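Below is one structure, written out as structure tokens; the observations come after it.
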Amino acid sequence: MVGAIFSQSLTAAALLLGQATAYNKRYIDNSTGTPQVVIPGASSYNGLNLVPQMGWNNWNAFHCNVNETLLLSTAQNMVDLGLRDLGYNYIVMDDCWSIGRNSSGYLVENPVKFPNGIKDITDKIHALGMKFGMYSSAGVFTCGRYPGSLGFETQDADLWASWGVDYLKYDNCFNQGQSGTPKLSFDRYNVMSKALNATGRDIVYSMCNWGNDDPYDWAYTIANSGRMSGDIYDSFNRPDDRCPCTEAVGCAWPGFHCSVMNILNKMPAIQSRTMSGYFNDMDMLEIGNGGQSDSEYVVHFTMWAMNSSPLLIGTNIGTLSPANLAIYSNPAIIALNQDKSAGAAVRKWRYVVDPDETGQGEISLWTRSMANGDTVIALLNAANTTMMMNATMNDIFFDQRTAGAYQAPPQLSQTWDVYDLWANRMTEEEAAAVINGTSTLSENSTSRYNATATSYIEGIAANNTALMGVKVGSIAPSGTFSAEIARHSVGIYRLRSQGKASPRKRDEL
Ligand code: GAL
């Protein structure tokens, strides 16, 4: 019986893989011709983006003011500041880059903004060891009223592939009413998905339809990430009528001017729909744009990383302050984001308390299981005053109970070492030296990491100290972890088991 089920599922898997052949060569081992899942558990429709994409996008800081100089100087600055080697390797150009279509129907780049053409930019970015991202809309116009790609999908995908483009951010404006149900949106976005795939070039497909028609339910079969909210704005928690929804699911109008806390609190309902190859995109990072305090920006970065959001820096790299560089450069936080578990965090509890001047105040505990068995906990204080916050072992692990049997999970009988993941934050002096080009930090520094040389997955496996933070204590079985967390701050800790406890008898459970 077991054998029958096993062989049935193998047949089903083979059929699925057969379909995948048409979709993507990378699922198949061509050397043997045998269908084989190259990365077990990967759900990526095209084999790309098994961990969230990282990079930079001009929109949050520059809006339509994009040009060749900005893109190339940013790429060079990212190399010089070590950001490329921390993993930020996509330079993504946003809206307002074209002037129309030529008589053959091909998009034409603005010759004033891009005097040497976009292919030239792509080549130069590749020469720096980085990748290049393009922007368009699944509509007749982009949101900035430049030509969109609806009806021109194949032609546009072919053009971008000929330019060497590695990434497409695909927006939702002017979609001619082809939205309003998941099927309408799926069909429209799928045309571009197929066109990109047909180019034969590896192009990460980043959907930007703001959570419209619940993309987290269907887009993993056609794309590599999908925005799950209206546009972010540089505010920690200020409510805004232009961002009316507090939940992702069933949001009739995603809008814009969504705060960090608004977007974050939309994630728990769709936590299970984040997976390797398809990430819920919480929008581009605002760190450096001036609207939030240092600790608020730390919350923003930490919770985006914790939820496997794409990490796209959204500020002017040329004027990045030491404090903001230190936030973007914490490898212990980036390692969470780049963990091959590729999941989002679970919000274990949330209490609405102690409001600030915006009328908002809350505290919450978030946890996430890492691929190597570590557990990460985030104690988030979004209330108005410092709080002593507690996480009991039961809070942290109760969702690991054996389904149906209600047995205590084995994690509860283990002792866990606790590592503070912000304890090695680069000092202002160190960060200033990196910016000035006078840094003497080596790659073995606890505040630097070279992911180009050694992936985060390998680094974690080797217990690289830059990825582990600083050990601040341990939690005994049935214990409680407590930390004082300042207003609008987060404490984030990687928990590592000291080893399996000996199994307890049933009456001890
Ligand atoms: C919005 C999108 C933004 C930005 C903008 C460009 O729809 O969410 O991230 O791309 O369009 O016009």
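Remember, it's a predicted structure, so these values are computed and weren't measured experimentally. We count ligands from 1, going down the list as the structure has it; atoms in each ligand are counted the same way.
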Report the distance from atom OH of Tyr220 to atom CE of Met275, rounding to the nearest 0.5 Å.
6.0 Å
Where does Cys96 meet ligand 1, judged by heavy-atom distances below 4.0 Å: at the side chain, the backbone, both, or neither?
neither
Close side-chain approach of Tyr328 and Ile334, heavy atoms under 4.5 Å
no
Between Arg84 and Asn89, is any side-chain donor less than 3.5 angstrom from a side-chain acceptor?
no
Is Lys169 near ligand 1, meaning one of its heavy atoms is under 4.0 Å from it?
yes
Regarding Arg101 and the six-membered ring of Phe152, is the cationic atom NZ or CZ under 6.0 Å from the ring centre and inside 45° of its axis?
yes
For Asn237, run the side chain to side chain contact (heavy atoms under 4.5 Å, CB included) check against Asn265, Thr358, Val299, Asn262 and tell me which one passes.
Thr358
Using the ring centroid of each side chain, check whether His488 and Phe236 are separated by less than 6.0 Å.
yes
Is any side-chain heavy atom of Leu70 less than 4.5 Å from a side-chain heavy atom of Asn58?
yes
Between Phe256 and ligand 1, which residue portion shows a heavy-atom distance shorter than 4.0 Å: side chain, backbone, both, or neither?
neither
Which of the atoms of ligand 1 are close to Met284, meaning less than 4.0 Å from one of its heavy atoms?
9 (O)
Distance to 0.1 Å, residue and atom name: give those for the protein heavy atom nearest to atom 12 (O) of ligand 1.
Asp95 OD2, 2.8 Å
Tell me whether the centres of the aromatic rings in Tyr135 and Tyr170 are closer together than 6.0 Å.
no
Quick check: does Trp59 get an N/O under 3.5 Å from an N/O on ligand 1?
no
Has Tyr135 got any heavy atom lying under 4.0 angstrom from an atom of ligand 1?
yes
Any heavy atom of Asp94 sitting closer than 4.0 Å to ligand 1?
yes
Considering only heavy atoms of Cys208, which atoms of ligand 1 have at least one such atom less than 4.0 Å away?
2 (C), 8 (O)
To the nearest 0.1 Å, how far is atom 2 (C) of ligand 1 from its closest protein heavy atom, and which atom is that?
Asp171 OD2, 3.3 Å
Tell me the protein heavy atom at minimum distance from atom 3 (C) of ligand 1, and give that distance in Å.
Asp231 OD2, 3.5 Å
